[in-house]
Colleague: 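I'd like to ask you about the structure that follows.
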Amino acid sequence: MKNPDIRNILGLVPETELDALRADAEYSNALLHTSEGAGSDFLGWVGLPSSITPEFLADIRATADGLRSLAVVVVVIGIGGSYLGTKAVLEALGNPFAALERERRDPVILFAGHTISEDYMAALMRAVEGRSLASVVISKSGTTTEPAIAFRIVKQEIERRYGAAGAAERIVAITDARRGALKSVADGAGYKTFVIPDNVGGRFSVLTPVGLLPLAVAGIDIDAFVTGAQTMETATAAGVPFAHNPAAIYAAARYALYRKGYKIELLAAYEPGLQYFAEWWKQLYGESEGKEGKGIFPAGVVFSTDLHSMGQYIQEGERTLFETVISVAESHNSVTIERAANDGDGLNFLAGRSIGEVNRMAELGTMLAHVDGGVPNIRIEIQRIDAASLGELVYFFEKACGISGYLLGVNPFDQPGVEAYKRNMFALLEKPGYEEATAEIKKHLG
Ligand code: PA5
């Protein structure tokens, strides 16, 4: 990955303002390494890539191979940070038409527990009928309602089919080392478990078993993924000067834009496979920065698709948006537009050129149009989408998020605001222990 290209913010943010942030960004990066900033109990992700040992990866692979040998469908259960990283990498690296493959080498990964939709769950249970089944259940707290409900249903189905002993071979739990209902259930039933370290928050956990095990089950090269993250760990290490630290540059650029009134960041990609990468990134930045009445609102777009729906607003709506583009230099495949004898569609001017070239010109043209329209642009270029570049991007965005949160003056590692809906939901469902809240909410509803 190259350093972020921030030339297209400079018309809107004077270079002197960015220069003034250099020292703060370097200091914020240092705080992540000295554990002297807010939320320092949750900095386990900072040195995580380089701490991953070959033995640990071998254990992950062996466990994944066990599930792969037993099941053609593996249901991965989790929500938020316990699912989005895996989903992002799978969507980016998977075949979008896998459903039509005649012979599958890898199990199908289905996600559950990220929604409480009854129809989704019913459809999932119908889909697994008659297919060998296993599950990876992931919850750091071990108490989150959405995955707990999904796990109860999937676990009962696995036990019904394979008995308790069979279930113990087919279910792997990833949770806290000691606490939570999932830990007790897993220990009681004798499931293989992996630990989410105490000092790694959910949204920073994709390089722990949370992401690595399901990705290995899906056949992703987790060694390359980790190696990519290690490369970025080195590139953004403590003491790397601002000009060479891609995470510090990105964090400072977006903070400078925020101070100028650019309150919405669009993460844009020209590859549909990166759509869920934006979902992962949205959680990372939204949950880390959106607090105390502050924070850039993170949104995701896939171009050129969304230029035909959101393009008008981006070009001419409120001038509070800036764009961060993940630009992919090379496609894996080549599709060439051929000359047609009858140029009825008027496309012969493109004859002999690849669709990738057209996509790159769409990207360049869009960037110029948006910058001219008052939308600053940060460009992050990767050579191609593969496990290593995704590992780099994951760690890059995590590191930049930590720096960015400190620049903003918030604790980027807590999420007090996510409790409010849970309290209301439990009160409405009359969960034991919520009697007072139930009475209160009933009065409120009248
Ligand atoms: O980043 C976070 O902390 C959250 O989004 C969690 O990942 C999410 O709420 C799921 O929590 P848990 O893994 O405890 O079930």
Colleague: Would the distance check show the side chain of Arg170 and the main-chain N or O of Leu70 forming a donor-acceptor pair, the cut-off being under 3.5 Å?
Modeller: yes
Colleague: For residues 120-141, pull every pair meeting ring pair (Phe, Tyr, Trp, His ring centres under 6.0 Å), keeping only residues two or more places apart or in separate chains.
Modeller: His114-Tyr120
Colleague: Using a strict threshold of under 4.0 Å (side-chain N to carboxylate O), is an ion pair present between Lys263 and Glu318?
Modeller: no
Colleague: Take a 6.0 Å sphere around CD of Glu436 and say whether it holds more than 12 heavy atoms from other residues, nucleotides or ligands.
Modeller: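 No.
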Colleague: Check for a donor-acceptor pair, side chain of Ser135 on one end and backbone N or O of Val75 on the other, with a separation under 3.5 Å.
Modeller: yes
Colleague: Tell me whether Lys422 forms a cation-pi arrangement with Phe426, defined as NZ or CZ under 6.0 Å from the six-membered ring centre and within 45 degrees of its axis.
Modeller: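 Not flagged: Lys422 not positioned over aromatic ring of Phe426.
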Colleague: Please evaluate residues Asp187 and Ser184 with respect to the criterion side-chain hydrogen bond (donor to acceptor under 3.5 Å, both in side chains), reporting the C-alpha separation (whole Å), side-chain torsions for both, the decisive distance (0.1 Å), and the verdict.
Modeller: CA-CA 5 Å; Asp187 285 350; Ser184 325; over 6 Å; no
Colleague: Is the closest side-chain heavy-atom distance between Leu274 and Val328 below 4.5 Å?
Modeller: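 Yes; the side chains approach each other to less than 4.5 Å.
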Colleague: Less than 6.0 Å separating the ring centroids of Tyr250 and Phe397?
Modeller: yes
Colleague: Is the shortest side-chain heavy-atom distance between Ile385 and Leu93 below 4.5 Å?
Modeller: yes
Colleague: Does the gap between the ring centers of Tyr83 and Phe111 come in under 6.0 Å?
Modeller: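 Centroid separation for Tyr83 and Phe111: below 6.0 Å.
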Colleague: Between Glu419 and Arg423, does at least one N-O distance fall below 4.0 Å, as a salt bridge requires?
Modeller: no
Colleague: Tell me whether Glu91 contacts the main-chain N or O of Tyr276 through its side chain, where contact means a donor paired with an acceptor under 3.5 Å.
Modeller: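 Checking the backbone N and O of Tyr276 against the side chain of Glu91, no donor-acceptor pair under 3.5 Å is found.
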Colleague: Would the distance check show the side chain of Arg319 and the main-chain N or O of Gly373 forming a donor-acceptor pair, the cut-off being under 3.5 Å?
Modeller: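 Judged by distance alone, yes, a pair lies under 3.5 Å.
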Colleague: Quick check: does any side chain N or O of Ser304 sit under 3.5 Å from a backbone N or O of Leu307, one acting as donor and the other as acceptor?
Modeller: no
Colleague: Has Asn377 got a side-chain atom pairing as donor or acceptor with Val325's backbone, closer than 3.5 angstrom?
Modeller: no
Colleague: Does Val394 reach the side chain of Phe277, with side-chain heavy atoms less than 4.5 Å apart?
Modeller: yes
Colleague: Of Thr63, Val76, Asp59, which is the lone residue that meets side chain to side chain contact (heavy atoms under 4.5 Å, CB included) with Leu213?
Modeller: Thr63
Colleague: Could you tell me whether the side chains of Glu316 and Gln312 share a donor-acceptor contact shorter than 3.5 Å?
Modeller: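 Distance-only check passes for Glu316 and Gln312.
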Colleague: Within the supplied structure, the quantity of interest is the number of heavy atoms (other residues, nucleotides, ligands) at a distance under 6.0 Å from Gln275 CD; does it exceed 12?
Modeller: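 Counting other residues, nucleotides and ligands, CD of Gln275 stays at 12 neighbours or fewer.
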Colleague: So does Arg259 have more than 12 non-hydrogen atoms from other groups sitting under 6.0 Å from CZ?
Modeller: yes
Colleague: Check whether more than 12 heavy atoms from other residues, nucleotides or ligands sit under 6.0 Å from atom CZ of Arg131, and answer yes or no.
Modeller: no
Colleague: Taking Pro416's backbone N and O only, do any of them form a donor-acceptor pair with Asp414's side chain (distance below 3.5 Å, no angle check)?
Modeller: no
Colleague: Answer yes or no: does atom OH of Tyr421 have more than 12 heavy-atom neighbours from other residues, nucleotides or ligands under 6.0 Å?
Modeller: yes
Colleague: Under 3.5 Å, side chain of Lys294 to main-chain N/O of Val410, donor-acceptor pair present?
Modeller: no
Colleague: Between the side chains of Thr324 and Glu265, does any donor sit under 3.5 Å from an acceptor?
Modeller: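 Per modelled atom types, Thr324 and Glu265 side chains form a pair under 3.5 Å.
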Colleague: Can you tell whether the side chains of Glu363 and Arg360 come within less than 4.0 Å, N to carboxylate O?
Modeller: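 So Glu363 does not pair with Arg360 through a salt bridge.
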Colleague: State whether Lys282 and Glu279 are salt-bridged, where the test is any N-O pair (Lys NZ or Arg NE/NH1/NH2 against Asp/Glu carboxylate O) under 4.0 Å.
Modeller: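 Salt bridge: yes.
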Colleague: Does Leu133 offer a backbone N or O that forms a donor-acceptor pair with the side chain of Tyr162 under 3.5 Å?
Modeller: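 Judged by distance alone, yes, a pair lies under 3.5 Å.
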Colleague: Is a side-chain donor or acceptor of Tyr285 paired with a backbone partner of Cys401 at a separation under 3.5 angstrom?
Modeller: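 At least one qualifying donor-acceptor pair exists.
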Colleague: Just jot down the ring-ring contact (aromatic ring centres under 6.0 Å, His included) partners of Tyr191, sequence neighbours excluded, or say none.
Modeller: none
Colleague: Counting C-beta onward and ignoring hydrogens, is there a side-chain heavy-atom pair between Glu381 and Asp5 closer than 4.5 Å?
Modeller: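 No, side chains not in contact.
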Colleague: Is atom NE2 of His332 surrounded by more than 12 heavy atoms (other residues, nucleotides or ligands) closer than 6.0 Å?
Modeller: yes
